[in-house]
Amino acid sequence: MRQCPGRYVHREGKPVGGTEARDGTEARDGKGAAASAGGAGDADGPGGPPAPGGTADGAKVPAALTTPRGRRPVVAALMLGMALAAIDGTIVSTAVPQIVGDLGGFTVFSWLFSGYLLAVTVTLPVYGKLSDTFGRKPVLIAGIILFLAGSLLCAAAWNMGALIAFRVIQGLGGGALQGTVQTIAADLYPLKERPRIQAKLSTVWATSAVAGPVVGGLLAGYADWRWIFLINLPVGAVALWLVVRHLHEPARPRPKTRPRIDWAGALAVFATGTLLLTALVQGGVAWPWLSAPSFGLFAASAALAALTVAIERRAAEPIIPGWVWRRRTIASVNLALGAMGLLMVAPTVFLPTYAQSVLGLGPIAAGFVLSVMTLSWPVSAALSDRVYNRIGFRLTAIIGMSAALLILLAFPLLPYPGEPWQPALIMLLLGAALGLFQLPLIVGVQSTVGWAERGTTTASVLFCRQVGQSIGAAVFGAVANSVLAARLLDAPAPGLPDDLDAVARALEDPGALSAAATDHLRRAVDAAVDYVYIGAAGAAALALLALVVLAPRRFPVISEAVITEAAITETGDSPDAR
């Protein structure tokens, strides 16, 4: 046993953790017992005292264990980094009128969100592979610096085109933040303690989602919209200092050959994702779905996807390795969380419109109806270990998504127009169900791989969830608008709008419409959102199908011996303090 720099310790010689075969067919614990990916052998949940680290290739790879005292500044840095990425997705929304009034560019302002989303999504697999190859710390530092540079440039933007370009730079940093923070959290904590850190990160994400619009509105209304980006600088500077000062990765054996970066694969993944997400985000908005731009983008995406597969098959160290999809556990979790991203569009995108247009609530009250979901989600996630330690990751996730399916199907049964507490209760229950679904899958899939594959695995999960959200926004937007158009064919007044955004704007000024026209529009919105929630229930069924058909009955968790004999002299903590 040797002391490592900082607060990590690892064992020389044989790997501390078990190993999993590269094809995902076998996992072995420290005693040499084999576990098949289909469920035999190591059980998920309570099967032994696992600790982070381990390898997927049998090489000497660190097992990252820290003392509670040593973990605190690193956890603080992770929470600040997560807050930066989470709040930036919502804080800009309430300041759009001020930004457009100052810079112009009303016709393209939606790219403030689309450009950021594109950059985050398409870079996730790249950063995941880089963190496995070169370590988490340099990737996280680079991500924070990129994000802060983008924030500073956004604050100095002179027109809408420049602001959109700088938002893309922010997104390039945001992709590193999202994936690497989740990976480091899994490195720091043994399996039985991971719900604790994941619950903290979920709480940060939920709080940021609620606080973002409020902070953005206050800064835009009482200061200047540029402060929306400037406030990132002190928060990011603190996170950067904590990472540089306190995150000491364990020493790793020097590779026999120099690591090779698959730049061709990274570029192909980036180009494919950019074209696909552009088609999904802008289709039906900037141009009709059945139009030359849509067909062209989807065709180009398909061609680039085929090229990407060919490049990755030939690459020595591919950005998206084939084992991500060959291993049943990882593939099933990717598909299940992709379906969850799909269904999440219903509450996050369409519920605020429902609350304002159908229930007649103001923006703040409508936001509260949605925000109650963020109250129950972290609590449910924090308590999920008590369930999956007894019955396993897969069954816990199945229970959570089954409950979500029933809750989503209950939404169309709400009376018209109903009371605000009714959809709020639906969202409270949905948050609890999804917390019971998502966290066991993330913790479980991270526990089936070693240190050298954890970044790629985590990034693939987050990438699929992001792509699911983009697909959901496109599909459910088309569903909502088609239902609206059908319901407005027999409208009592001519000239009524026939898309959701225009209907919402018309209902903001009810004096311009007759009582019959107003009621007809509200009923049309109610029907459109009902169909969206039915579609979200279909996405929940797809998630269940992925888990029931593809996921192994028991996840092949790598058993790793907890290092108890190491004394951490720097902090003076005893091994028992862990």
* Could you walk me through whether Ile407 and Ile426 pass the side-chain contact (heavy atoms from CB on, under 4.5 Å) test, one step at a time? => CA-CA 7 Å; Ile407 293 165; Ile426 292 286; 3.8 Å; yes

* In terms of heavy-atom contacts, does CH2 of Trp325 have more than 12 from other residues, nucleotides or ligands at under 6.0 Å? -> yes

* Audit row: Arg386, Thr396, side-chain contact (heavy atoms from CB on, under 4.5 Å) steps and yes/no -> CA-CA 10 Å; Arg386 302 187 180 184; Thr396 302; over 6 Å; no

* Going through the distances and angles, do Val126 and Phe270 end up as a side-chain contact (heavy atoms from CB on, under 4.5 Å)? -> CA-CA 8 Å; Val126 178; Phe270 189 89; 5.8 Å; no

* Structure fact -> Shortest non-hydrogen pair, Leu242 vs Leu80, comes out as CD1-CD1, 4.3 Å

* Can you check whether Val120's main-chain N or O pairs, donor with acceptor, with Thr123's side chain at less than 3.5 Å? -> yes

* Flag side-chain contact, heavy atom, 4.5 Å: Leu545 against Leu335 -> no

* Structure fact -> Residues Leu124 and Ala459: closest non-hydrogen pair is O-CB, 3.2 Å

* Asked: How long is the gap from CD1 on Ile330 to CG on Asn334, to the nearest 0.5 Å?
  -> 7.5 Å

* Work out which heavy atom in Ala77 is nearest to a heavy atom in Ala239; give both atom names and the distance. => CB-O, 3.9 Å

* **Check: Ser380 side chain, Ser376 main-chain N or O, donor-acceptor pair, under 3.5 Å** => no

* Please check if the side chain of Tyr127 supplies one atom and the backbone of Gly455 the other of a donor-acceptor pair under 3.5 Å. => no

* To do: Determine whether Ile184 and Leu188 make a side-chain contact, defined as any pair of heavy atoms from C-beta on separated by less than 4.5 Å.
  => yes

* **Distance (rounded to the nearest 0.5 Å) between Leu395 CG and Arg553 CZ** => 10.0 Å

* To do: Hey, could you give me the CZ/OG distance between Phe555 and Ser332, rounded to the nearest 0.5 Å?
  => 5.5 Å

* Which word best sums up how the rings of Phe393 and Tyr388 line up, parallel for under 30°, tilted for 30 to 60°, or perpendicular for over 60°? -> tilted

* To do: For Arg465 and Leu337, indicate whether the former's side chain and the latter's backbone hold a donor-acceptor pair under 3.5 Å.
  => no

* Would you name the heavy atoms of Ala543 and Phe437 that are closest together and state the gap between them? => CB-CZ, 4.3 Å

* Asked: Is there a donor-acceptor pair closer than 3.5 Å between any side-chain N or O of Ser131 and the backbone N or O of Arg136?
  -> no

* Asked: Is the side chain of Ser460 donor-acceptor paired with the backbone N or O of Thr457 at a distance under 3.5 Å, no angle test?
  -> yes

* **Side-chain donor or acceptor of Arg394 paired with backbone N/O of Arg554 under 3.5 Å** => no

* Structure fact -> In this structure, CD1 of Ile442 is separated from CG of Leu462 (nearest 0.5 Å) by 6.5 Å

* To do: Mind running side chain to side chain donor-acceptor pair (under 3.5 Å) on Thr272 and Thr308 for me, showing each step along the way?
  => CA-CA 8 Å; Thr272 303; Thr308 301; 3.1 Å; yes

* **Side-chain heavy atoms of Met340 within contact of Leu434, under 4.5 Å** => yes

* To do: Would you indicate whether the side-chain heavy atoms of Trp323 and Thr456 approach each other to under 4.5 Å?
  => yes

* To do: Just do the side-chain contact (heavy atoms from CB on, under 4.5 Å) check on Met373 and Leu428 with the steps written out, would you?
  => CA-CA 5 Å; Met373 182 174 66; Leu428 188 71; over 6 Å; no

* Side chain to side chain, Leu408 and Leu430, heavy atoms closer than 4.5 Å -> yes

* More than 12 heavy atoms from other groups under 6.0 Å of CZ on Phe298 -> yes

* Ser384 side chain to Ala381 backbone, donor-acceptor under 3.5 Å -> yes

* Structure fact -> Heavy-atom closest pair (Ala176 atom, Gly143 atom, distance to 0.1 Å) is CB-CA, 3.5 Å

* Structure fact -> Between the CZ atom in Phe476 and the CE atom in Met344, the distance rounded to the nearest 0.5 Å is 11.5 Å

* So, do Arg327 and Val449 sit near enough that their side-chain heavy atoms are less than 4.5 Å apart? -> yes

* Asked: Which atoms form the tightest heavy-atom contact between Val122 and Val269, and what is the distance?
  -> O-CG1, 4.1 Å

* Structure fact -> dist Met82:CE -> Leu177:CG (nearest 0.5 Å) comes out at 8.5 Å

* Any ion pair linking Arg454 and Asp187 (charged N to carboxylate O, less than 4.0 Å)? -> yes

* Asked: Between Lys129 and Glu453, is there a salt bridge with N-O shorter than 4.0 Å?
  -> no

* Asked: Heavy atoms, side chains only, cut-off 4.5 Å: are Leu547 and Leu441 in contact?
  -> yes

* Asked: Under 4.5 Å between any side-chain heavy atoms of Pro423 and Phe411, yes or no?
  -> yes

